[in-house]
Amino acid sequence: DQQVKQNSPSLSVQEGRISILNCDYTNSMFDYFLWYKKYPAEGPTFLISISSIKDKNEDGRFTVFLNKSAKHLSLHIVPSQPGDSAVYFCAASTFGGATNKLIFGTGTLLAVQP
Amino acid sequence: DGGITQSPKYLFRKEGQNVTLSCEQNLNHDAMYWYRQDPGQGLRLIYYSQIVNDFQKGDIAEGYSVSREKKESFPLTVTSAQKNPTAFYLCASSKSGGPNQPQHFGDGTRLSIL
């Protein structure tokens, strides 16, 4: 049972345009959400997070939106750059078990075309 | 520079052999984690430790063992009981095991069977 889903395995965007990566979750107990970026043969790099008490968080070119009623979050990258080409993972956690246990989606490969 | 160091980058295991993957962090983080990534899948939690001398099983702990004798170190042993050990292994740490704490990752160890 996959609690965090990234239904688009890949996305291609032109340089300078907006990239929108989507993530859905099923567990309403999740209260903290994160996005990670991963290059091949490297570990994931933390990008941005959002707590369930907010619906938007912005950091430079990256904005994460959270729609709790739809159990959906998205990452917007504006403007997209070729260096943004990587696999993006969303992750979610709940403090219900008293641990910072993250549940990851399967990732979306973003290709930004020059 | 503070960070997480995993070694070796590539590791080969013979049938019936135990191997140990190293993970060291100098971020002064209390919590550490081990994940496994298989092709086309998200990261799955093997073991985690919220504090020195304490660790808990994650979702796929069978065939693995860990120790946490020092704050900086969280080695993972892949035992011969792990029947499908070929994967990319990632170590992570967070400031604490509490809520709303992003996890930061090392660059991984790729384990293959000879």
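Below, chain A is the first sequence line, B the second, and so on; all start at residue 1.
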Quick one: do [X] and [Y] end up in the same hydrophobic cluster if we chain Ile, Leu, Val, Met, Phe, Trp and Tyr together by side-chain heavy atoms under 4.5 Å apart?
| X | Y | value |
| --- | --- | --- |
| Y48(B) | M32(B) | no |
| Y32(A) | L66(A) | no |
| L109(A) | F88(B) | yes |
| L110(A) | F62(A) | yes |

Chain B contact via S49(A) - side chain, backbone, both or neither, heavy atoms under 4.5 Å: neither
Taking all non-hydrogen atoms of both residues into account, name the closest pair between L34(A) and P102(B) and its distance. CD2-CA, 3.7 Å
Identify the heavy atoms of Q41(B) and F89(A) that sit nearest to each other, and give their distance. O-CE2, 4.3 Å
Using a 6.0 Å cut-off, check whether atom [atom1] of [X] has over 12 heavy atoms from anything other than its own residue.
| X | atom1 | result |
| --- | --- | --- |
| K95(B) | NZ | no |
| R61(A) | CZ | yes |
| K9(B) | NZ | yes |
| I18(A) | CD1 | yes |

Are the side chain of Y36(A) and the backbone N or O of Q103(B) linked by a donor-acceptor pair below 3.5 Å? yes
Please check if the side chain of D107(B) supplies one atom and the backbone of G43(A) the other of a donor-acceptor pair under 3.5 Å. yes
With rounding to the nearest 0.5 angstrom, report the [atom1] to [atom2] distance, [X] to [Y].
| X | Y | atom1 | atom2 | value |
| --- | --- | --- | --- | --- |
| L90(B) | E42(A) | CG | CD | 11.0 Å |
| L45(B) | I103(A) | CG | CD1 | 7.5 Å |
| K101(A) | Y33(B) | NZ | OH | 12.0 Å |
| L102(A) | R44(B) | CG | CZ | 16.0 Å |

Compute the centroid of each ring, for F104(A) and then for Y35(B), and state whether the two points are separated by less than 6.0 Å. yes
Among Q37(B), Q101(B), H104(B), who wins on heavy-atom pairs under 4.5 Å with chain A? Q101(B)
Atom group of Q6(B) that falls short of 4.5 Å from chain A, counting heavy atoms: neither
